[in-house]
Number of protein chains: 2
Amino acid sequence: MFKKFKIPEATVGRLTAYSRFLKEADEKGISTVSSQQIAKATGVTPAQVRKDLAYFGEFGTRGVGYNPRELYNYIMKILGLDRRWPVIIIGAGRLGAALAMYGGFAERGFDIVGIFDVDPAKIGNKIGDIEIRPLEELKEKVEELSIKLGIVAVPAASAQEVVDFMVESGIRGIINFAPVNVSVPEGVVLRRVDLASQLEYLTFHLGESR
Amino acid sequence: MFKKFKIPEATVGRLTAYSRFLKEADEKGISTVSSQQIAKATGVTPAQVRKDLAYFGEFGTRGVGYNPRELYNYIMKILGLDRRWPVIIIGAGRLGAALAMYGGFAERGFDIVGIFDVDPAKIGNKIGDIEIRPLEELKEKVEELSIKLGIVAVPAASAQEVVDFMVESGIRGIINFAPVNVSVPEGVVLRRVDLASQLEYLTFHLGESR
DNA sequence: GGCATTTTGTTAAAAAATTAACAAACTTGT
DNA sequence: ACAAGTTTGTTAATTTTTTAACAAAATGCC
């Protein structure tokens, strides 16, 4: 995708939201939607919607609006979702297992194709229809299926080590659920999701009135 | 907490990261840390660290740095974590169950005290040592334990309905894992966590080079 | 005790992101 | 065919956030 300039990080998250609304609209048979409607449904301003889209091109018709299906397809392409992506999970604990079974990934084109762990007691167990395999087999699998995406659901203490190994194995995009800062080399995209921190955001704001 | 002015949203997330580093440092017996050290460990700039802290007061000593334990305590207080918080989860599917068992919450002072679902088949089942209860019992529980925080792990289609009921029951801070935009009245804090969107962030950036 | 060094807290500058404003382009009705 | 009404795409203004700069305060060495 030909990004002219730098795109605000938040734009990517909003594109996701737009796309979900557009899919719904299309399924309802709606033939045009305005930036106003998209904005209302996703909780942003119409100007924001148009600005976000403007980074990537012109998708609407002045005086009319956007065609939901068409714009949906464009956004999915922008997000790199015009294909399916195989994903592996490292860490077969509760969180890893839950993520492996989470239906929301497949819905958006992400297929969990492998789960790896270092605990010998877990190897061979199945989560859904995927067998937990030892971490040593990661590279083989990554190469076999050209896997680029991985999810880290291991304890904080081993996260950096695991991430290093993933990168070495060929993974290029990583979501880290361990509550610790890890570093990756140039060319690898890392995103940290701190679940407890989300609750802390709430308590901070509830505390505002104290 | 006496917030003089508006605090950047990102600051809250960074405070979480700082606090984790400070706790570690304190446990290692380190008696002073600089903004530089905090910055390096959490992946931000030293100026950012000092700016974030400046919103809330003066916690360091010029020429010296910060005392890890002391600053940790301050930050925890700022985040509202100088107490424990009871939390309920709505939705006893895989994600809800995994979140209920996730150890990372308790570590930061959040106790999952209830899980609710509408599916009669699930009522009575246990997740860990918590019994799944029908949604109708939510209000009773919330009032009994003065619960303010809730996590939504239900399908997108029922998320708004569930959130409305939570608010009605007295919940004031909500994390929504359903991939849909829901609205809450004034005075209720809502945070949406879209797991698939996190992967999409990765594919977007991997796609940059296309 | 004074001077060099360190590191904070704060103010100023810069950068980034959001919001607003409006001309251009399309539709519809007469 | 023209006027009135929409709605986009884009430029400009505003707001927010981050980064930089530096005086103030502390330490330690000589």
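In this view, Glu9(B) and Arg191(B) satisfy the side-chain hydrogen bond (donor to acceptor under 3.5 Å, both in side chains) rule, not counting sequence neighbours. With sequence neighbours excluded, no residue forms a side chain to side chain contact (heavy atoms under 4.5 Å, CB included) with Arg62(B). Residues passing the side-chain hydrogen bond (donor to acceptor under 3.5 Å, both in side chains) test with Glu107(B), sequence neighbours excluded: none. For Ile127(B), the side chain to side chain contact (heavy atoms under 4.5 Å, CB included) partners at least two apart in sequence or on another chain are Ala92(B), Ala97(B), Ala100(B), Met101(B), Ile115(B), Ile132(B). The side-chain hydrogen bond (donor to acceptor under 3.5 Å, both in side chains) search around Ser169(A) returns none, not counting sequence neighbours. Ser158(A) meets the side chain to side chain contact (heavy atoms under 4.5 Å, CB included) test with Val154(A), Pro155(A), Glu161(A); sequence neighbours excluded. Every residue meeting the side-chain hydrogen bond (donor to acceptor under 3.5 Å, both in side chains) condition with Asn181(A), not counting sequence neighbours, appears here in chain and number order: Arg192(A).
Following rounding to the nearest Å, Ile7(B) (CD1) and dT17(D) (P) show an atom-to-atom distance of 10 Å.
Listed by first and then second residue, the side chain to side chain donor-acceptor pair (under 3.5 Å) pairs that reach into residues 137-151 of chain B are Arg133(B)-Glu137(B), sequence neighbours excluded.
For Arg172(B), the CZ atom counts as densely surrounded, since its 6.0 Å shell holds more than 12 non-hydrogen atoms of other residues, nucleotides or ligands.
Of the inter-residue distances, the one linking Tyr66(A) atom OH with Glu58(A) atom CD reads 9.5 Å to the nearest 0.5 angstrom.
Applying a 4.0 Å cut-off to non-hydrogen atoms, the residues of residues 11-20 of chain A that approach DNA chain C are Arg14(A), listed by residue number. Within residues 37-52 of chain B, the residues having any heavy atom under 4.0 Å from DNA chain D are, by residue number, Thr45(B), Ala47(B), Gln48(B), Arg50(B), Lys51(B).
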Exercise for review: Apply the test side-chain hydrogen bond (donor to acceptor under 3.5 Å, both in side chains) to residues Asp26(A) and Tyr72(A): give CA-CA distance (whole Å), side-chain angles for both, the deciding distance (0.1 Å), then the verdict.
Suggested key: CA-CA 9 Å; Asp26(A) 180 42; Tyr72(A) 171 81; over 6 Å; no
Review point. Where do Phe105(A) and Tyr102(A) land on the ring pair (Phe, Tyr, Trp, His ring centres under 6.0 Å) test, with the steps shown first?
Key: CA-CA 6 Å; Phe105(A) 290 140; Tyr102(A) 177 56; 5.1 Å; yes
Kindly give the atom pairs (protein nitrogen or oxygen, nucleotide nitrogen or oxygen) under 3.5 Å for nucleotides 26-30 of chain D.
| unit_1 | atom_1 | unit_2 | atom_2 | d |
| --- | --- | --- | --- | --- |
| dA26(D) | O4' | Arg62(B) | O | 3.3 |

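Using a 4.0 Å cut-off between charged nitrogen and carboxylate oxygen, Asp194(A) and Arg108(B) do not count as a salt-bridge pair.
Comparing Phe59(B) and Pro8(A) by the nucleotide of DNA chain C whose heavy atom lies nearest to each, the residue mapping closer to the 5' end is Phe59(B).
Here the range on DNA chain C touched by chain A, meaning any atom under 4.0 Å from one of its heavy atoms, is dA17(C) to dT27(C).
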